[in-house]
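So the structure is just underneath, and the comments pick up after that.
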Amino acid sequence: MTKQTVGVFFGSRSAEHDVSIVTAIAAIIKPLERLGRFNIVPIYITKDGRWFSDPKLKEISLFSSGNIESFLQSAKPVAIQFDAGLTLIKPGLKTKKVKIDIAFPATHGTYGEDGSLMGVFRMANIPFVGADLTASVIAMDKVLAKQVAEHEGISVTKWTWCSRAEMDTDLPAVVSRIKKLRYPLFVKPAHLGSSIGITRVAEERELQNALEVAAYYDDRIVIEEGVENLIEVTVPIMGNDDPKTALVERPLSVTEKGVFDFDTKYMNQGKGKAGGKNGAKQGAQGYSELPAQLPNKLYEQARNVALAVYKAIDASGTARIDLLIDSKKQTIYFNEVNPLPGSLYMHNWRAAGVSPVELVAKLLQLAEERHEAQQKLATTFSTNFLKQF
Amino acid sequence: MLQATEYQPRPYIQWVARTRDFSAVMRRRELDRTRAARALLRFIQVGMVVEIALGAWMAITGWLQLSVVFMALGLVILFLYPIVWAYLAVLPLVVGRLLIVRPRERRLIAESEGLFAAHPATKIAVAGSYGKTTVKELLATVIGEGRRVAATPANKNVAISHAQFARRLKGDEEVLIIEFGEGGPGDVARFSQTTHPNIGVVTGLAPAHLDQYKTMQAAGEDIFSLADYLHDKDVYVTGESEPLKPFIKPEHHTYSQEGVLDWRIKDIVVSLDGTTFTMTHGRTTLSLKSGLLGRHLVAPIALAAALAIKLGLTEKQVEEGISKTQPFEHRMQPRLVAGAWVIDDTYNGTIEGMRAGLRLLSELPATRKLYVTPGLVDQGSETEAVHKELGRLIAEAPPDVVVLMQNSVTHFIQEGLEAHGYEGTVHVEQDPLAFYTNLTHFTAAGDLVLMQNDWTDNYA
């Protein structure tokens with residue numbers, strides 16, 4: 001039986017470019033290699049948007065050693081051919097074509113996770129892992145995600161948003177909307193993940209700087225109230241029509257700034273204030289309580305809210321839903337959706353009884369099932385429309 | 001690869017003869033450049049240069065003198081040098097062994113016979129196809145609680161190891177425990193005559209070293225030459241090895257999960273923390289808790305306790321001694337890896353060990369059970385039957401996932417699995433090293449993984 005070819009797409013023009021490399025190689029390519037059922041083709045997208053494909057790109061040492069730069073200088077970018085499918089064209093003395101049967105996107109943030117890549121795969125009409133175009137767009141836009149959740153009756157903290165253009169032209173209007181919110185506030189770029197560009201604002205004089213930081217990364221900015229007696233939890237989910245949750249996890253790494261920022265998540269192995277205490281385990285993104293030690297009822301509510309959000313944005317494949325809990329009021333607020341969690345959150349799935357090999361195999365299966373279902377939908381039909389011209 | 005076979009010419013030559021692609025055969029380790037390895041390498045290099053020079057000279061001379069035969073012969077000698085030296089690499093070993101090592105070993109072994117004979121300690125010999133090292137370590141740990149004990153180290157169990165062990169003895173030891181590592185007919189008889197044991201323990205009989213013994217009967221006869229040496233007195237034989245039963249005489253003491261000597265065993269509990277049970281004799285009760293894993297270890301633990309009592313240890317000393325027994329490296333050794341329990345039994349190399357491991361896997365609770373094995377080596381003409389039997393044992397366990405390493409016996413295991421209706425997932429791994437180093441990709445919390453046996457590169 002001929003093996004199917006899985007293209008793993010990673011890197012890209014994103015602030016989370018490097019995180020994506022780790023997700024692709026450690027959480028996707030290596031387990032897929034062990035699964036042994038597929039040909040695996042890595043497709044690395046550089047920070048300036050060039051696409052490369054070479055077996056050497058499956059090794060993390062190429063990136064961690066810094067040799068990637070010299071590799072890229074000697075390698076030639078690939079081209080894409082849409083031929084009722086997706087074919088990579090690798091230039092060389094003899095042009096080589098590699099047909100991709102299933103795409104496994106591993107990009108985080110902009111130009112990838114935000115729906116950009118999903119559009120490419122949809123045009124090529126090939127199955128791809130993870131959220132579809134619409135869900136990716138909604139999930140990666142915190143403004144849209146909150147609007148959808150609110151519309152579905154899911155609690156969110158009080159919030160507002162503004163565009164960079166509005167900040168430039170009518171800052172007083174923005175500030176006047178923000179004045180209706182209670183401090184402390186969180187100011188976030190609308191489209192970035194991995195906590196990049198987020199600032200906790202304790203008082204008004206810190207606000208402008210926080211807005212400028214967020215505007216440096218994004219053209220839409222979310223400003224939201226902080227939650228009192230906060231317990232932050234995150235819930236990985238997998239599935240299409242009948243999604244299932246992994247374990248409700250409580251990240252414990254918080255910096256002095258009160259934010260679970262990029263450095264805390266990825267650079268210090270999560271060794272923030274609470275790191276490693278009280279039996280907490282080190283996950284892909286630092287120390288966390290896994291499963292979160294919540295009262296049973298609250299734990300179940302958190303799972304149900306997460307599933308409600310997943311369904312509301314029409315997510316499929318996998319996603320991670322972040323929630324904020326006011327532990328005194330026992331109120332759960334939707335915070336944000338991450339349609340491609342870093343390293344697929346495999347540490348959580350493993351703790352829930354799903355091995356990394358099973359995880360990637362299941363995600364590929366879900367991708368194929370969704371694609372098969374989509375093929376049954378009519379997208380074209382014959383008309384006499386053109387005959388009138 | 002010669003180093004990987006511990007410089008044994010025969011398995012090395014067999015490996016060279018059956019290997020078709022030499023480009024990626026050394027995967028697990030690099031050459032350890034010891035003095036011996038360097039000297040051997042230099043010999044091969046010089047030999048190759050001489051052969052190339054000879055071949056080139058013959059080819060050129062043949063060409064110049066228009067002698068096609070001479071030229072062709074020269075070219076053959078020139079181009080065949082890698083193959084020729086793959087075989088000739090063993091030449092210095094064979095010569096050195098005949099002229100230097102063997103005479104030296106013979107002298108040391110002869111000397112050790114006198115040392116053992118003169119030593120006043122009680123000498124316990126442990127023989128059998130499997131389980132010897134476990135029993136030896138158990139006896140040493142438990143009896144060591146009350147007596148000065150010396151035991152042959154690790155799995156050093158052949159005549160020269162015994163001789164070196166004898167040279168290191170201080171003379172004040174009260175108990176010596178000597179492991180007999182049989183490899184071919186007559187070995188155990190020779191070990192007995194050299195080490196002069198007073199007590200013999202026979203741990204089991206299974207197909208092993210059949211390339212030398214040819215039949216299980218021959219292996220059994222050799223192992224029981226220990227009982228012959230002891231005139232069948234103070235011989236302890238496991239009652240849990242079917243193939244051994246025809247060799248057991250009424251004078252022998254058997255030990256099993258039922259009991260040993262006058263001790264009766266009950267309340268056996270096996271878990272990942274270890275094995276607990278009680279032994280009673282009249283009004284005396286021993287409550288034993290060992291870190292060792294598996295019901296099959298109850299009998300050896302009980303034997304160690306009974307022998308220790310017989311050698312004068314108190315009940316408290318025995319209980320403490322048993323509580324100090326822990327899994328030996330790569331022998332039913334449990335460890336928690338990323339939320340999954342992995343039982344490392346990769347030193348296991350017999351079907352009886354496989355049977356015991358699979359029984360343990362079946363007994364322990366887990367969300368999902370995985371069984372990993374490449375199969376067994378040195379099974380001679382029994383290879384097919386043994387591996388089909390292994391397939392049956394797996395199918396009866398049965399784990400949820402079976403991971404087999406692709407090699408010459410894989411299809412026999414698969415046939416055994418199919419014949420006995422195994423319905424779980426079978427994964428055949430092409431790259432064992434990659435599998436072992438990436439085991440966590442296959443496991444999740446709640447999993448129980450049993451890894452039995454491991455083939456070194458020269459068997460792959």
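Lettering of chains follows the sequences in order, A, B, ..., and the numbering in each one begins at 1. All of these numbers come straight from a predicted model, not from anything done at the bench. Both backbone and side-chain heavy atoms feed into the values below; hydrogens, waters and symmetry mates do not.
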> Which atoms of B:Gln430 come close to chain A, meaning under 4.5 Å heavy atom to heavy atom: side chain ones, backbone ones, both, or neither?
Replying inline: neither
> How many angstroms lie between atom CG of A:Leu359 and atom NE2 of B:His441, to the nearest 0.5 angstrom?
Replying inline: 11.5 Å
> If you measure from CZ on B:Phe435 to CZ on A:Arg34, what distance do you get to the nearest 0.5 Å?
Replying inline: 8.5 Å
>> Looking at every non-hydrogen atom in both residues, tell me the closest pair between A:Gly353 and B:Ala444 and how far apart they are.
In response: C-CB, 3.2 Å
>> Can you confirm whether more than 12 heavy atoms, excluding those of B:Phe328, are under 6.0 Å from its CZ atom?
In response: yes
> Within the distance-only criterion (no hydrogens, no angle test), does the side chain of A:Arg350 pair as donor or acceptor with the backbone N or O of B:Thr440 below 3.5 angstrom?
Replying inline: yes
> Which bit of A:Ala361 is near chain B, if near means a heavy-atom gap under 4.5 Å: side chain, backbone, both or neither?
Replying inline: neither
> For B:His427 and A:Arg37, what are the C-alpha separation, side-chain angles and deciding distance, and is it a side chain to side chain contact (heavy atoms under 4.5 Å, CB included)?
Replying inline: CA-CA 10 Å; B:His427 175 84; A:Arg37 296 209 313 250; over 6 Å; no
